[in-house]
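Since the structure comes first, as structure tokens, the remarks are kept for the end.
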Amino acid sequence: MRHTISVLVRNEFGVLSRVAGMFSGRGYNIDSLNVAPTLDPKVSCMTLVTHGDDDTIEQITKQLHKLIDVITVKDYVQQKDFVGRELAMLKVAPSPDARAEVLRVVEIFRGKIVDVSPKSFVVEVTGALDKIDAMARLLEPLGLVQVVRTGPLAVGRGL
Amino acid sequence: MRLTGSEILIHALREEGVDVVFGHPGGAVLFIYDAIHRLGLKHILARHEQGAVHMADGYARASGRPGVAVVTSGPALTNAVTGLATAYADSIPMVCISGQVPTHAIGSDAFQEADNVGITRPVTKHNYLVTDVRDLARTLKEAFHIATTGRPGPVLVDIPKDVSNTECEFLYPKEVALEHYQPRYEGHWGQVKKALALILQAERPVVYFGGGAILSGASEELLAFVDTLRVPTTYTLMGIGGIPGNHACSLGMLGMHGTYRANLAVDQADVLIAIGARFDDRVTGKLDEFAQISKKIHIDIDPTSIRKTVHVDVPIVGDVKNCLQKLLKLLDDERPEDLERFQRRIQPWWGRIDDWNREAPIAYEQPADGPLLPQFVIDKLYQMTEGRAVLTTDVGQHQMWAAQYYHCQGPNNWISSGGLGTMGFGLPSAIGAQVARPGETVLCIAGDGSLLMTVQELVTAVEEQLPVKVAIINNRYLGMVRQWQQLLYDDRISGSDLHVGPDWVKLADAMGALGLRATRVEEVEPVIEQALAHPGPVFIDFQVKETENCYPMVPAGNPSSKMLLSDPDPMG
């Protein structure tokens, strides 16, 4: 089962390696990891996506809690509980006759062309994981050459 | 008051009640050593940094107070890693101060530079690099707080050389500001009640306690709990001494070299009460066949220990002492006739356990003129010290025999590397224990393989006139390795033959200690007597039967109910 875990950490020296080291040392998977400061510059938010059975996820959240620099751990699993979004930038180098089709796909997915050159586009798109996967699948036959993505960010719904 | 970083360190240690540190000097800690000298802090010079950290560890285990080690940068810190990992695996409160190259040189591959916090991150509870002297006092306060609270553990504070020589205003904080680090001590009343209800309706209950009971200082409560219920009780290697080893309710240790009755009792129990223990693989054997019948209660202060490997029916996160106090309070309210009914109900269970003990007791037969049996030597040590010595061990067969035959009478008297299994732990930890408890008999049961790993620390014992007694169970093998090779690798003895070894008597003598030797049965008592009467450190070379094996044994991968009880018959 895929879990998106949101971890608030004290913005201390080495905190990223404590979290990453816990995962690698105990053999847990990190599918993606995103770190950035919050409104409080002393606190950072890590959003990480992992997978495993219920026992593994329970251990992961407990082990995260155990790290001294970790403030809170929120495990999101049900879509109804949180909004998850990812930013991706896709570089496409279509043949001249496919350029129009690329623009159509971008429009359908409400993406944005943020760079254009005679032979390529860079497309910016945000959305849930599946949406970006779907878009990449459609762009692939049109000459997709590179994808960079942030990994999902998550925020709980409501208050 | 304006002080340098080094002076702040010494003042902070005083504030924390530290009266002795174990260490080894070097370039990056020269200012710290200068402050130790000028401000007069007691320092014990180890001859290797691993030794220094094990000494601090032994001091902590014997005293219940955090041990402190001081090492310099680079190779000193890497030497200290084994000691930190040992303490981490056994949850021992400790603060290790390491020197670091000056802040401006960090990251430049400077002489004796290593990424100390990077290297020690997985083997410490927490660690710090202090880059600003104004953070030093607060960091030290936090380090001691983290090391000694919740599930204890070692904390490393890495101090660059310039920080140790920079002045700032010193004010030791009264409180720590770690609002998100709040270990839960109070066991949940509802869960405790549920646990007691489960216990009182049991027919085949077993208590299984571990090092958490010792660390929490819960021996008194544990004993009261066991005495009130008269419930069969077994313990892990780390739990030894939590109740006296020969207590009427004690089944002895469980696990890979545990007693037959303890392992079978846990296997057949209907309610298993795990207290400050963590279902380690050396305890459970094959996990999916471990104690399958039982409902399980698990008391532990570390939530990650609960449901890590074994499903638990009644989890209780909390301090062992606190939870046992609550259980005892509830037991107080039980009607005496209900407790009597419980004790009557478990009588047949005790009958089965006693039968198992008759079937396969922990026993040996020492032939009067045969080679010395290691069990006999340890039994004699037990008898002649009345089980009251502070006992340290190395790792291997002798450690398991010590667990089986040396019935420690109280908590904090059994000092052994359980989790990490660190050979060479015995002598330096004995030195630390002797510093913590002067005037008491400190006995190290060592292996000839293990002892050679840290033997240089005998010089420290001589220098400090610490009268530790080291009983070397000398079988001229890495005995446990040899035992496995014999039983599981078709007797191919690979790398475990130690027939080329030191003359231990001469080695002791060369280092300024007393060396004694016993090879025959009638020599054992006199040498122990002589060693105990000697005012300084002693090595006793007990030349024991080379091929004696340690039983019962649960071969790795087997369920703990499937024990080998003796060497397989060579005739088939």
Side-chain angles (χ1 to χ4, degrees), chain A residues 1 3 5-30 33 35 37-48 50-75 77 156, chain B residues 85 88 91 100 103 106-107 115-132 135 138-139 142-143 145-147 149-151 153-158 160 176-184 278 287-288 300-312 315 317:
Chain A
M1 190 71 146
H3 287 246
I5 301 177
S6 187
V7 191
L8 289 185
V9 296
R10 295 202 299 176
N11 201 355
E12 297 274 345
F13 168 87
V15 63
L16 175 60
S17 56
R18 285 184 209 284
V19 171
M22 190 281 285
F23 273 79
S24 61
R26 293 183 181 273
Y28 303 137
N29 303 294
I30 301 182
L33 174 63
V35 195
T38 61
L39 278 179
D40 177 352
K42 291 201 288 275
V43 175
S44 281
C45 179
M46 290 189 183
T47 311
L48 53 90
T50 182
H51 62 271
D53 57 27
D54 289 354
D55 289 348
T56 307
I57 299 293
E58 180 182 328
Q59 267 300 309
I60 288 175
T61 53
K62 283 174 168 181
Q63 294 285 354
L64 283 168
H65 267 299
K66 192 169 160 178
L67 298 173
I68 307 288
D69 287 334
V70 166
I71 301 166
T72 59
V73 178
K74 184 91 186 120
D75 170 23
V77 57
Chain B
Y88 186 55
S91 311
Q100 183 54 278
T103 44
I106 290 177
D115 176 5
N116 291 356
V117 288
I119 289 170
T120 57
R121 194 170 295 128
V123 296
T124 52
K125 184 173 172 185
H126 197 59
N127 61 15
Y128 296 90
L129 167 64
V130 183
T131 51
D132 186 332
D135 295 334
R138 174 189 57 81
T139 303
E142 284 184 14
H145 179 74
I146 290 168
T149 52
R151 180 178 179 175
V155 177
L156 177 111
V157 180
D158 195 28
V176 289
L178 287 167
E179 59 269 35
H180 305 294
Y181 169 75
Q182 300 287 355
R184 195 197 300 171
R278 60 186 177 93
L287 206 53
D288 30 331
D300 204 291
I301 198 162
D302 178 2
T304 68
S305 283
I306 292 175
R307 281 170 50 82
K308 186 165 66 180
T309 55
V310 171
H311 178 80
V312 174
V317 176

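Lettering of chains follows the sequences in order, A, B, ..., and the numbering in each one begins at 1.
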| query | Considering only heavy atoms, which portion of B/Arg121 lies under 4.5 Å from any heavy atom of chain A: side chain, backbone, both, or neither? | reply | side chain

| task | Heavy-atom distances under 4.5 Å only: say whether B/Leu129 touches chain A with side chain, backbone, both or neither. | result | side chain

| Picking from A/Glu12, A/Gln59, A/Gln63, which has the most non-hydrogen pairs under 4.5 angstrom with chain B? | A/Gln59

| note | If one checks every heavy atom of B/Glu142 against chain A at 4.5 Å, the contacting part turns out to be side chain

| note | Rounding to 0.5 Å, atoms NE2 (B/His126) and CG (A/Asp69) come to a distance of 4.5 Å

| Does atom CG of B/Asp288 have more than 12 heavy-atom neighbours, drawn from other residues, nucleotides or ligands, at distances under 6.0 Å? | yes

| said: Quick check: closest heavy atoms across A/Lys66 and B/Asp302, and the distance to 0.1 Å? | reply: NZ-OD2, 2.7 Å

| message | Would you say NZ of A/Lys74 has more than 12 non-hydrogen atoms from neighbouring residues, nucleotides or ligands within 6.0 angstrom? | response | no

| query | Can you tell if the side chain of B/Thr131 reaches within under 4.5 Å of the side chain of A/Phe13, non-hydrogen atoms only? | reply | no

| request: Enter the distance from B/Thr304:OG1 to A/Arg26:CZ here, rounded to the nearest 0.5 Å. | output: 6.5 Å

| Are the side chains of B/Arg307 and A/Asp55 in touch, meaning some heavy atoms are under 4.5 Å apart? | yes

| message | Is any side-chain heavy atom of A/Lys62 closer than 4.5 Å to one of B/Lys308? | response | no

| remark: Between the NE2 atom in A/His65 and the OH atom in B/Tyr181, the distance rounded to the nearest 0.5 Å is 15.0 Å

| field | Residue part contacting chain A, namely of B/Asn127, when any heavy atom lies under 4.5 Å | value | both

